[in-house]
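Structure record follows, encoded as structure tokens.
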Number of protein chains: 2
Amino acid sequence: MAKVSIKDVARKAGVSISTVSRVLTSSAPVSEELKKKVEEAVQELGYSPSMLARSLRHGRTKTIGFILPDISNPFFVQIVRGAEDYLWEHGYTLIFGSSDQNRKKEDTILNTLLSKHIDGLLFTGTGESNPKLLRSIQHGLNVVFLDRLIKDVNVSYVVVDNFKGITMLVDYLVDTGHRNFIFINGDKNTFSAKQRHDAFISKMREYGLQHEHHYASFSYDAGYEFGKNITKSLPDAILCGNDLIAFGLLDALEEKGVRIPDDVSVTGYDDIPFSKYYKPALTTVHQPTYEMGKTAAEILLKLINGEMTTIEGIVLEPELVVRESTRRK
Amino acid sequence: MAKVSIKDVARKAGVSISTVSRVLTSSAPVSEELKKKVEEAVQELGYSPSMLARSLRHGRTKTIGFILPDISNPFFVQIVRGAEDYLWEHGYTLIFGSSDQNRKKEDTILNTLLSKHIDGLLFTGTGESNPKLLRSIQHGLNVVFLDRLIKDVNVSYVVVDNFKGITMLVDYLVDTGHRNFIFINGDKNTFSAKQRHDAFISKMREYGLQHEHHYASFSYDAGYEFGKNITKSLPDAILCGNDLIAFGLLDALEEKGVRIPDDVSVTGYDDIPFSKYYKPALTTVHQPTYEMGKTAAEILLKLINGEMTTIEGIVLEPELVVRESTRRK
DNA sequence: CTGTTAGCGCTTTCAA
DNA sequence: TTGAAAGCGCTAACAG
């Protein structure tokens, strides 16, 4: 495509390539006369410098990698958007890969990203440990973990306070008269599911309430499945590990003639854009996804530019959103 | 990060760098003995070749750019996923940028992608003409247009048959007794909106039916707004330019006490994942988004690898999906 | 079969 | 202020 190189510009302007470079990067003084010549040549030739060559020279690619479970998941896509906006604004470009919650794929993506010399990595892992990643971090790769942590790893991260989210949810439900609970959680090995599990159990014990907890997966189908198979009498409230699970559950229950929220209250987690429009509109815990992505990108650039040398862990605040899928018992 | 280079490997293995290169790329025969030494050195050093240097050498980056209006739009995200999967499988990496339907931003993204020497571009433009892009194409940039075409440009593309989609929809509605129509369409300058407009008008004339057509934007808010402001008597059916518009309309009408589909039939377009779960479940036209992305990626790689030299235009088939937001009048 | 060398496009000393 | 030249990591043409 851009076949025209710095040499062509130099020739056209009748100067050396170093002069061209100096004009372009304003890295050293150049006489007005030559400067003008160069600028004209650049214009006429439609020259634009090769980031590739620059990267090779500088060892910095102005490219950030983002490994995440699935770009098409509404929860992650807003995070990506937050990161994308911030990074583009600051002259960085984003390469991403979806791991589909598959450790092997996660590895492949990481290898490719490393061989492309990314300047930094935003990482939402499958949850399993990743020795290759750890090694890269020790060798100086700048990484910010997003939404999910890997235990025993000391890196910067941006997460939302799961404990607080569950606490607000349970407190609200207890306040409104709910006394026994089922929690349909997401994938067992993920950081988020584990944290929400711990928070849930802890709150149940605190109040001495009757409860059940099940790990499933963070999907509509998991919720639907659960709803279909539920036979015993319903609890006062069913908490779901995320909104998708809640949608599936809601649909399955509705097909059985269960009325929501009259017969049972149902809650989600995440507050993805659609939860507001669902019928019934979903009571859920809002996570500031766009902000998560943006914040993580911000930290990452600081790390890269050496403006920050310590590990920073940001814990964002969730927000309880009460809508129509719950009611006072 | 990967500070170890081919030199280090060569030194460690006690051979020249060319030998290392030959082993790594199997581009020329190397004795078993040296081969083994090199492989060991690679192992021990954890060496992985720099794609950056390779790219500079070869003039190919194994990177594809994707410019689209908004990654967080459910319609586009599935397209991206289709492209992503295919490209990664074939050793390519994806850089994307959201233009937000803003021509200037589109330009910035294009410039960056070009300076990063992408091997090819997947392009869903704002709809306005883009001279810079045209020039790049003439200079040999491989491009596949996705979902939206720019007129007077002769490049490969993958679209879905909008005429057919609207035809199926109108035919079904007419068959089920609907006789007068309103169409709330998306952004006026987009290819898709224009095509759907043309198809709609043409069908209305063909049947000699009473109709109204309005350009708005492809968003929930546009539909909601329209629904709020509608005062005159309702038509038999309201067609929406996409599902988001339909959701907004549905909610606004419901707030006014209008019953769907009893008082008026409403249809969407796209069949984004949520339309199936909406209440009422949306009658809409399904677009094979994942396949679009995949097909476009496929064509692009063929173009890049010289396996295809002619312009190819793929027109995928839409599918009518009848659900609960329409009924026989 | 193996090593030396030029060069991809650029930045940055080092001299002049 | 300017130009020549080295070198980022790699591949490929050229000798041997």
Side-chain angles (χ1 to χ4, degrees), chain A residues 1-39 41-42 45-63 91 111-112 114-119 139-140, chain B residues 1-39 41-42 45-63 111-112 114-119 139:
Chain A
M1 305 1 89
K3 315 186 73 164
V4 28
S5 87
I6 196 169
K7 273 190 195 165
D8 304 306
V9 179
R11 194 174 313 123
K12 178 135 199 157
V15 299
S16 74
I17 58 167
S18 5
T19 299
V20 177
S21 173
R22 287 196 260 267
V23 173
L24 260 46
T25 59
S26 21
S27 57
V30 175
S31 69
E32 274 308 318
E33 193 196 339
L34 292 194
K35 193 170 183 172
K36 200 167 171 185
K37 278 192 189 170
V38 169
E39 277 160 356
V42 165
L45 267 43
Y47 167 76
S48 101
S50 160
M51 275 301 295
L52 214 56
R54 267 189 190 168
S55 296
L56 186 60
R57 194 53 242 248
H58 281 137
R60 304 168 88 254
T61 52
K62 290 280 195 172
T63 301
N111 283 332
T112 304
L114 288 176
S115 77
K116 296 230 173 177
H117 291 234
I118 49 169
D119 291 341
H139 286 16
Chain B
M1 314 349 101
K3 315 188 69 164
V4 27
S5 89
I6 196 170
K7 274 189 193 165
D8 303 307
V9 179
R11 193 174 314 122
K12 178 134 198 157
V15 300
S16 75
I17 58 167
S18 12
T19 300
V20 176
S21 174
R22 287 195 263 263
V23 172
L24 260 46
T25 59
S26 21
S27 57
V30 173
S31 70
E32 274 308 317
E33 194 195 336
L34 292 194
K35 193 171 185 171
K36 201 167 168 186
K37 276 191 190 169
V38 169
E39 278 160 354
V42 166
L45 267 43
Y47 167 76
S48 100
S50 160
M51 276 300 296
L52 214 57
R54 268 190 190 166
S55 296
L56 186 60
R57 198 47 248 250
H58 281 137
R60 304 166 88 253
T61 51
K62 290 281 197 171
T63 301
N111 282 333
T112 305
L114 288 176
S115 77
K116 296 230 174 178
H117 291 235
I118 49 170
D119 291 340
H139 285 15

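Numbered from 1 within each chain, the chains take letters A, B, ... in sequence-line order.
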Among [options], which nucleotide has an atom closest to any side-chain atom of [X]?
X	options	answer
Leu56(A)	dC10(C), dG9(D), dG3(C)	dG9(D)
Tyr47(A)	dC10(C), dT2(D), dT12(C)	dC10(C)
Pro49(B)	dT12(C), dC10(D), dG3(D)	dC10(D)
Ala53(A)	dC10(C), dG3(D), dG3(C)	dC10(C)
Val15(B)	dC10(C), dG9(D), dG3(C)	dG3(C)
Lys7(A)	dC10(C), dG9(D), dC8(C)	dC8(C)

Side chain to side chain contact (heavy atoms under 4.5 Å, CB included) involving Leu52(B) - partner list, sequence neighbours excluded: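 Side chain to side chain contact (heavy atoms under 4.5 Å, CB included) list for Leu52(B), sorted by chain: Leu52(A), Ser55(A), Thr61(A), His117(A), Ser50(B).
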Under the side chain to side chain contact (heavy atoms under 4.5 Å, CB included) test, residues paired with Ile17(B) that sit two or more places apart: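 Residues passing side chain to side chain contact (heavy atoms under 4.5 Å, CB included) with Ile17(B): Ile6(B), Lys7(B), Ala10(B).
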Within residues 23-34 of chain A: residues closer than 4.0 Å to DNA chain C (heavy atoms):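 Hits under 4.0 Å, by residue number: Thr25(A).
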Which residues share a side chain to side chain donor-acceptor pair (under 3.5 Å) with Ser115(B), sequence neighbours left out: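 Not a single residue meets the side chain to side chain donor-acceptor pair (under 3.5 Å) criterion with Ser115(B).
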Please enumerate all protein N or O atoms sitting under 3.5 Å from an N or O of nucleotides 13-16 of chain C, with distances to 0.1 Å.
none

Modelled atom types, side-chain donor and acceptor of Ser21(B) and Ser18(B), under 3.5 Å: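 The criterion, which ignores hydrogens and geometry beyond distance, is not satisfied for Ser18(B) and Ser21(B).
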Any pair counted as salt bridge (Lys or Arg N to Asp or Glu O under 4.0 Å), so long as it reaches residues 11-38 of chain B, sequence neighbours left out: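 Applying salt bridge (Lys or Arg N to Asp or Glu O under 4.0 Å) to every pair that reaches into residues 11-38 of chain B, excluding sequence neighbours, yields Asp8(B)-Arg11(B), Lys12(B)-Glu44(B).
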Val23(B) and Val42(B), any side-chain heavy atoms less than 4.5 Å apart: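 Sidechains of Val23(B) and Val42(B): no contact.
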